[in-house]
Every structure is written in structure tokens, then in C-alpha cells.
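Numbering of residues begins at 1 and proceeds along the displayed sequence. Being a predicted model, the structure only gives us computed values, none of them experimental.
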Amino acid sequence: MSGAIPPLAGVTAAPLALQLGPVAAPPPAQGFGALLLSGLHGLDAKLDHADALVRRFAVDDSVPIHQVTMALEEARLSVELAMQVRARLVEGYRDLMNMQL
């Protein structure tokens with residue numbers, strides 16, 4: 001048994017960038033306001049989803065409890081994240097307003 005590893009068929013020693021082909025252009029940059037708005041829409045969607053699962057669970061038992069629990073926890077974490085982002089934005093705004101020019 002030889003200690004050498006046989007070469008792979010069809011693989012060339014070209015640099016990785018050449019093997020991958022052309023790189024797609026990055027998506028167009030969003031503004032800060034659009035980024036915040038999309039985050040709020042995502043938060044609202046998670047809250048609506050959790051609310052709908054709770055309502056369905058209350059009416060019939062076709063929805064498993066673990067799905068309801070996961071949706072509620074995801075919504076809670078999303079709200080907590082939104083509150084942290086809001087606190088940081090307010091803190092940054094206050095810092096800017098207290099700066100002397």
C-alpha cells in the first residue's frame with residue numbers, strides 16, 4: 001500500500017477564485033430607515049404568527065404545544081431585541097445632542 005493520495009479526476013490546481021467563477025454583485029445597499037422598517041415588519045410578522053398559533057391551540061389540539069412555545073419565545077426574543085435596539089438608538093441620539101460644536 002502506497003502512502004500517496006491519488007489525484008481527484010477533473011480537479012485542476014487553479015486558484016479557488018477561478019474555480020468558483022464570477023462573483024455576483026452585492027445587493028443594493030438599503031438606507032438605515034429601510035433597514036429599521038424591515039426589522040419592525042419582521043417583528044410584527046413574528047408576533048402575528050405567535051398570536052395565531054396561540055388562538056389555534058386554544059380552539060383545538062391540532063397544534064403541538066412545542067410549536068406554540070417556540071413561536072412565543074421567538075416573538076419574545078424579537079421584542080427584547082427591538083427594545084435593545086431602541087435603547088441604543090436613543091442613547092446615541094442623546095450623545096449626539098450633548099456634543100458641543
Side-chain angles (χ1 to χ4, degrees):
M1 185 168 189
S2 162
I5 299 175
L8 297 174
V11 176
T12 62
L16 183 61
L18 295 177
Q19 290 178 3
L20 295 177
V23 177
Q30 288 183 325
F32 185 67
L35 185 67
L36 287 177
L37 193 59
S38 71
L40 286 176
H41 286 301
L43 171 65
D44 192 41
K46 287 180 184 179
L47 290 173
D48 288 342
H49 176 68
D51 188 47
L53 279 178
V54 167
R55 288 177 192 267
R56 281 184 34 209
F57 181 74
V59 172
D60 61 13
D61 290 337
S62 66
V63 180
I65 186 69
H66 70 275
Q67 281 185 344
V68 176
T69 305
M70 291 294 291
L72 286 172
E73 184 64 17
E74 189 175 327
R76 185 190 68 79
L77 287 173
S78 295
V79 168
E80 190 175 315
L81 176 65
M83 295 302 294
Q84 289 294 322
V85 169
R86 178 194 152 279
R88 299 291 187 247
L89 287 173
V90 169
E91 182 182 338
Y93 175 76
R94 286 185 182 152
D95 287 345
L96 285 174
M97 289 295 114
N98 288 334
M99 290 177 89
Q100 294 182 0
L101 298 176

Residue pair L43 / A75: nearest heavy atoms and the distance that separates them = CD1-O, 4.5 Å
query = For the atom pair CG (L53) and CG (D48), what is the distance rounded to the nearest 0.5 Å?
reply = 11.0 Å
message = Can you list everything that forms a salt bridge (Lys or Arg N to Asp or Glu O under 4.0 Å) with D51? Sequence neighbours excluded, please.
response = R55
task = Quick one: list whatever passes side chain to side chain contact (heavy atoms under 4.5 Å, CB included) with F32, sequence neighbours left out.
result = L36, L89
note = Besides M99, the hydrophobic cluster formed by Ile, Leu, Val, Met, Phe, Trp and Tyr side chains linked at under 4.5 Å, directly or via other members, contains L96
remark   = Grouping ILVMFWY residues whenever side-chain heavy atoms fall under 4.5 Å, the cluster of L37 otherwise contains none
key: Non-hydrogen atoms of A50 and A71 that approach each other most closely   = CB-O, 3.6 Å
Can you give me every donor-acceptor pair (side chain of residues 76-88, partner residue at least two apart or in another chain, under 3.5 Å) with its distance?
{"residue": "R76", "atom": "NE", "partner": "E73", "partner atom": "OE1", "Å": "3.3"}
{"residue": "R76", "atom": "NE", "partner": "E73", "partner atom": "OE2", "Å": "3.3"}
{"residue": "R76", "atom": "NH1", "partner": "E80", "partner atom": "OE1", "Å": "2.9"}
{"residue": "R76", "atom": "NH2", "partner": "E73", "partner atom": "OE2", "Å": "2.5"}
{"residue": "S78", "atom": "OG", "partner": "K46", "partner atom": "NZ", "Å": "3.4"}
{"residue": "S78", "atom": "OG", "partner": "E74", "partner atom": "O", "Å": "2.9"}

request  = Could you tell me which non-hydrogen atom of V63 sits nearest to which non-hydrogen atom of R56, and how far apart they are?
outcome  = CG2-NH2, 3.3 Å
Which residues share a side chain to side chain donor-acceptor pair (under 3.5 Å) with D60, sequence neighbours left out = S62
